[in-house]
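What follows is a short report on a single structure.
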Amino acid sequence: MNMSSYNCCQKGSKNNKELDQLIPLLKIVGEESRLKILCILRQGQHCVCELQEHLFVSQSLLSHHLKDLKDSEIVTDKKEGLKVYYSLTTKGKKVTAALFNLVDL
C-alpha cells in the first residue's frame, strides 16, 4: 500500500492541520461532565446554579469545566445581576450538533 495516500499523517498537509485542531477539541468535549454541560446548554442558557443542580459536581469543578469550554470558544457567558449565564457559541452549536448526531448513526 502506498503510504503517501495517507495525507492526514503527513506533516504540513491540510488534513494534518485539521487533526491538530481536532485533537484538543475532542479532549475538551470528551470529558463526561463537560459533555453533560453541552447537552444541557443545547436547550438554552443556564446559570451555574442550574447546571450544578443537574450535574452533582462541586461549584469549583463546574467552574473549571466551564472555563475550559469558554477557552475552547464553545461556550460564552453573560453576567446578569449576581448570576452568570452560560450558553453555546456558534462554534459550540456546530460542535454539539455534530457530536449528538453521532448517536443517530
Side-chain angles (χ1 to χ4, degrees):
M1 168 132 325
N2 183 358
M3 293 301 288
S4 65
S5 63
Y6 297 106
N7 293 332
C8 62
C9 301
Q10 295 179 0
K11 284 194 176 264
S13 73
K14 179 184 176 208
N15 290 344
N16 191 286
K17 290 176 184 175
E18 290 170 349
L19 282 178
D20 289 345
Q21 293 174 345
L22 189 57
I23 291 167
L25 176 65
L26 290 174
K27 286 181 180 180
I28 291 295
V29 299
E31 199 282 327
E32 182 180 354
S33 293
R34 289 190 282 255
L35 195 55
K36 288 178 180 178
I37 292 168
L38 294 175
C39 182
I40 293 169
L41 292 179
R42 288 177 73 206
Q43 309 303 316
Q45 73 174 10
H46 292 277
C47 67
V48 173
C49 58
E50 293 168 338
L51 293 169
Q52 189 178 11
E53 197 176 291
H54 295 287
L55 295 174
F56 308 107
V57 297
S58 69
Q59 186 172 351
S60 62
L61 181 57
L62 180 56
S63 294
H64 177 77
H65 288 314
L66 289 166
K67 181 188 180 314
D68 288 343
L69 291 167
K70 272 184 62 177
D71 290 348
S72 298
E73 299 176 344
I74 297 172
V75 167
T76 188
D77 63 351
K78 176 175 63 172
K79 188 167 184 167
E80 291 183 10
L82 298 175
K83 293 185 179 184
V84 178
Y85 288 88
Y86 290 86
S87 59
L88 296 175
T89 61
T90 301
K91 176 182 176 180
K93 290 175 184 176
K94 290 177 183 177
V95 167
T96 56
L99 286 172
F100 289 98
N101 281 333
L102 288 174
V103 296
D104 291 334
L105 295 177

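Shown here is E31, whose CD atom has more than 12 heavy atoms of other residues, nucleotides or ligands within 6.0 Å. Enclosure of atom NZ in K91 by more than 12 non-hydrogen atoms of other residues, nucleotides or ligands within 6.0 angstrom is indicated. In the displayed structure, E80 atom CD is contacted under 6.0 Å by more than 12 heavy atoms of other residues, nucleotides or ligands.
At a threshold of 4.5 Å between non-hydrogen side-chain atoms, the residues L62 and V48 count as touching. A heavy-atom distance below 4.5 Å is not found between the side chains of C47 and V84. Taking the side chain as every heavy atom from C-beta outward, L41 and H46 approach each other to under 4.5 Å. Side-chain contact between D77 and L66: absent, with no pair of heavy atoms (C-beta onward) separated by less than 4.5 Å.
Nearest heavy-atom pair, C39 versus F100, reported as atom, atom and distance to 0.1 Å: CB-CZ, 3.7 Å. Nearest heavy-atom pair, I74 versus L25, reported as atom, atom and distance to 0.1 Å: CD1-CD1, 3.4 Å. Nearest heavy-atom pair, P24 versus Q21, reported as atom, atom and distance to 0.1 Å: CD-O, 3.5 Å. Taking every heavy atom of both residues into account, I28 and S72 meet most closely at CG1-OG, 3.3 Å. Across Q59 and Q52, no two heavy atoms sit closer than the pair N-NE2, 3.3 Å.
The structure places CD1 of I23 at 8.0 Å from CG of L26, a figure rounded to the nearest 0.5 Å. Rounding to the nearest 0.5 Å gives a distance of 14.0 Å between NZ of K94 and CG of L99. The SG atom of C49 lies 7.0 Å from the OH atom of Y85; values are rounded to the nearest 0.5 Å. Note that NE2 of H65 is 7.5 Å distant from CG of D68, once rounded to the nearest 0.5 Å. Atom CD of E50 and atom CD of Q43 lie 12.5 Å apart (nearest 0.5 Å).
No donor-acceptor pair under 3.5 Å is formed between the side chain of T96 and the backbone N or O of L38.
Cluster annotation: Y86 and V57 are assigned to the same hydrophobic cluster (Ile/Leu/Val/Met/Phe/Trp/Tyr, side-chain heavy-atom contacts under 4.5 Å, transitive). In the hydrophobic clustering of ILVMFWY residues, with side-chain heavy atoms under 4.5 Å counting as a link, L88 and I40 come out together.
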